[in-house]
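Throughout, numbering of the chain's residues begins at 1 and tracks the sequence.
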Amino acid sequence: MLFGKILHLSTSYTNFEHRQIIDINMSANEKVHCLIIGSGPAGYTAAIYAARANLKPVLYQGMQPGGQLTITTEVENYPGYPNGIMGPQMMVDFEQQAQRMGADIRWGMVTKVDFSSRPFKAEIDEETWIEADSVIIATGASAKWLGLESEQRLNGHGVSACAVCDGFFFKGKEVAIVGAGDTACEEALYLSKLCSKVHMLVRRGEMRASKVMQARVLKTENIQIYWNSETAEVLGDDHVTGLRIRNTETGAESDIALSAFFVAIGHEPNSSLFRGILDMDEQGYLITQPGTTKTNIEGVFACGDVQDKIYRQAVSAAGTGCMAALDAERYLGAMDLH
């Protein structure tokens with residue numbers, strides 16, 4: 001199954017003012033042409049293209065090398081794998097291809113950045129510093145979860161945060177989805193075309209979604225809405241077999257037999273490292289110039305889910321990883337740093 005990519009970054013610093021007093025004269029251990037922050041489809045693809053362009057990229061993988069795909073099961077919707085592939089193996093393939101092209105893939109986390117002057121500076125594991133002529137950010141976004149033990153235990157075994165990614169696996173079966181926004185409605189409608197029945201849990205007596213989206217859901221016959229309802233527990237030992245729901249007004253609990261549980265309560269971009277430095281929207285997604293991966297700082301590029309709140313697919317992340325590497329190559333060439 002294919003889930004949203006995830007990379008956890010340190011938030012040991014407190015605010016922008018604190019970052020401004022970083023000793024920018026601290027000597028760096030080395031200087032590189034292209035620094036890539038984050039692994040996963042976006043980061044590894046950027047590394048492949050940057051290496052082929054002789055940018056000699058250095059990629060720091062972060063806390064979870066390969067991102068959330070490394071904790072999923074089968075991926076069936078990525079081109080080039082006609083028989084599907086296990087998520088961890090797919091990321092091994094990406095990493096090995098990047099290494100074969102000449103990319104320097106390293107274990108470690110970028111814990112601070114200083115983009116106020118060139119070359120750019122990044123702190124690694126709160127210990128050493130590296131300088132870079134260009135930076136590609138591929139830190140991903142994390143799905144928001146309910147925080148249930150059973151939800152995490154069955155993640156990848158019927159629990160998913162991406163209906164578009166995993167709905168196909170439950171074609172013709174009953175599933176549940178929790179959420180009340182436009183994304184939840186969109187995913188419920190998507191599932192309704194594949195599954196025999198969609199049980200939709202809404203915590204309050206109304207949705208946050210737009211009136212148009214609500215109307216579409218309400219008129220879809222195989223979507224059953226449970227108002228004032230929350231998830232008490234995901235049922236099943238090694239795979240999802242049902243859901244225990246709780247009425248938020250009465251406290252009454254009931255069980256529903258089903259095959260999958262989709263969480264659609266939002267995503268959070270892993271962008272806190274760049275707050276106050278790079279432009280981002282109200283949700284924290286990095287803003288890039290239309291049709292490019294360029295951020296508001298020349299020479300710094302963003303790709304993958306950290307700047308994409310619409311598609312959030314491995315294949316689209318890989319595509320923007322390619323774009324970022326090409327943008328970085330052109331930037332370095334124009335600056336005569338290639």
Side-chain angles (χ1 to χ4, degrees), residues 9 16 19-20 22-62 94-95 97-106 108-125 128-139 271 273-280 286-304 306-308 317-338:
L9 293 173
F16 180 53
R19 288 196 299 275
Q20 285 293 83
I22 292 173
D23 181 5
I24 61 174
N25 294 315
M26 182 178 293
S27 60
N29 288 56
E30 63 180 310
K31 167 84 175 294
V32 300
H33 278 310
C34 181
L35 172 65
I36 301 174
I37 306 175
S39 46
Y44 285 141
T45 301
I48 291 168
Y49 275 79
R52 283 175 55 84
N54 199 34
L55 301 187
K56 299 179 176 61
V58 170
L59 181 152
Y60 279 94
Q61 295 175 309
F94 272 53
E95 180 181 356
Q97 185 174 357
Q99 288 176 322
R100 187 171 68 85
M101 293 297 107
D104 186 349
I105 310 295
R106 302 179 183 178
M109 291 178 61
V110 174
T111 45
K112 289 189 181 74
V113 295
D114 180 3
F115 296 157
S116 63
S117 62
R118 292 177 175 79
F120 304 119
K121 298 176 181 63
E123 183 191 55
I124 311 301
D125 295 327
T128 61
W129 287 81
I130 188 171
E131 293 183 341
D133 293 322
S134 63
V135 176
I136 294 175
I137 299 167
T139 50
S271 61
L273 185 65
F274 314 103
R275 188 168 294 125
I277 299 174
L278 297 177
D279 289 347
M280 55 184 70
L286 297 183
I287 296 174
T288 53
Q289 297 177 25
T292 77
T293 60
K294 299 176 183 177
T295 68
N296 58 296
I297 295 181
E298 190 177 15
V300 179
F301 310 91
C303 57
V306 74
Q307 55 86 53
D308 172 21
T320 57
C322 163
M323 292 169 60
L326 296 177
D327 285 342
E329 179 187 9
R330 291 164 184 159
Y331 163 76
L332 292 171
M335 297 292 288
D336 199 25
L337 294 169
H338 195 190

Exceeds 12 heavy-atom contacts within 6.0 angstrom, atom OH of Y49: no
Return yes when atom CZ of R118 has more than 12 non-hydrogen atoms of other residues, nucleotides or ligands closer than 6.0 Å, and no otherwise.
yes
Heavy-atom closest pair (I105 atom, A98 atom, distance to 0.1 Å) is CD1-CB, 4.2 Å
Do S39 and L59 have side-chain heavy atoms sitting under 4.5 Å apart?
yes
The residue among T288, I37, L286, T320 that forms side-chain contact (heavy atoms from CB on, under 4.5 Å) with V306 is L286
Heavy-atom closest pair (L278 atom, N296 atom, distance to 0.1 Å) is CA-OD1, 3.4 Å
Checking V300, D114, T295, V113 against I277 for side-chain contact (heavy atoms from CB on, under 4.5 Å), the one that qualifies is V113
Could you check if a side-chain atom of Y331 sits within less than 4.5 angstrom of a side-chain atom of E298, using non-hydrogen atoms only? yes
V32 and V58 have their tightest heavy-atom pair at CG1-CG2, 3.6 Å
Heavy-atom nearest pair, I136 first then C303, reads CG2-SG, 3.7 Å
In short, P57 meets A47 closest at the heavy-atom pair CG-O, 3.7 Å
query = Checking S134 side chain against H33 main chain: does a donor-acceptor pair fall under 3.5 Å?
reply = yes
Using modelled atom types and a 3.5 Å cut-off, is there a donor and acceptor pairing between side-chain atoms of T293 and backbone atoms of F301? no
Sorted by chain and number, sequence neighbours left out, salt bridge (Lys or Arg N to Asp or Glu O under 4.0 Å) with R106 holds for E30, D104
When rounded to the nearest 0.5 Å, the distance separating CZ of R52 from CD of Q97 is 9.0 Å
On a heavy-atom basis, the closest approach of T45 and C322 is CG2-N, 3.7 Å
side-chain hydrogen bond (donor to acceptor under 3.5 Å, both in side chains) filter on D308, not counting sequence neighbours, yields none
**Report entry** F120 and L35, any side-chain heavy atoms less than 4.5 Å apart
**Finding:** no
Q.
Go through it in stages, so that I can follow the logic: the residues are L273 and T139, the test is side-chain contact (heavy atoms from CB on, under 4.5 Å), and I'd like the CA-CA distance, side-chain angles, deciding distance and then a yes or no.
A. CA-CA 10 Å; L273 185 65; T139 50; 5.8 Å; no
_Counting C-beta onward and ignoring hydrogens, is there a side-chain heavy-atom pair between N54 and K56 closer than 4.5 Å?_
yes
So NZ of K121 and NZ of K31: to nearest 0.5 Å the spacing works out to 9.5 Å
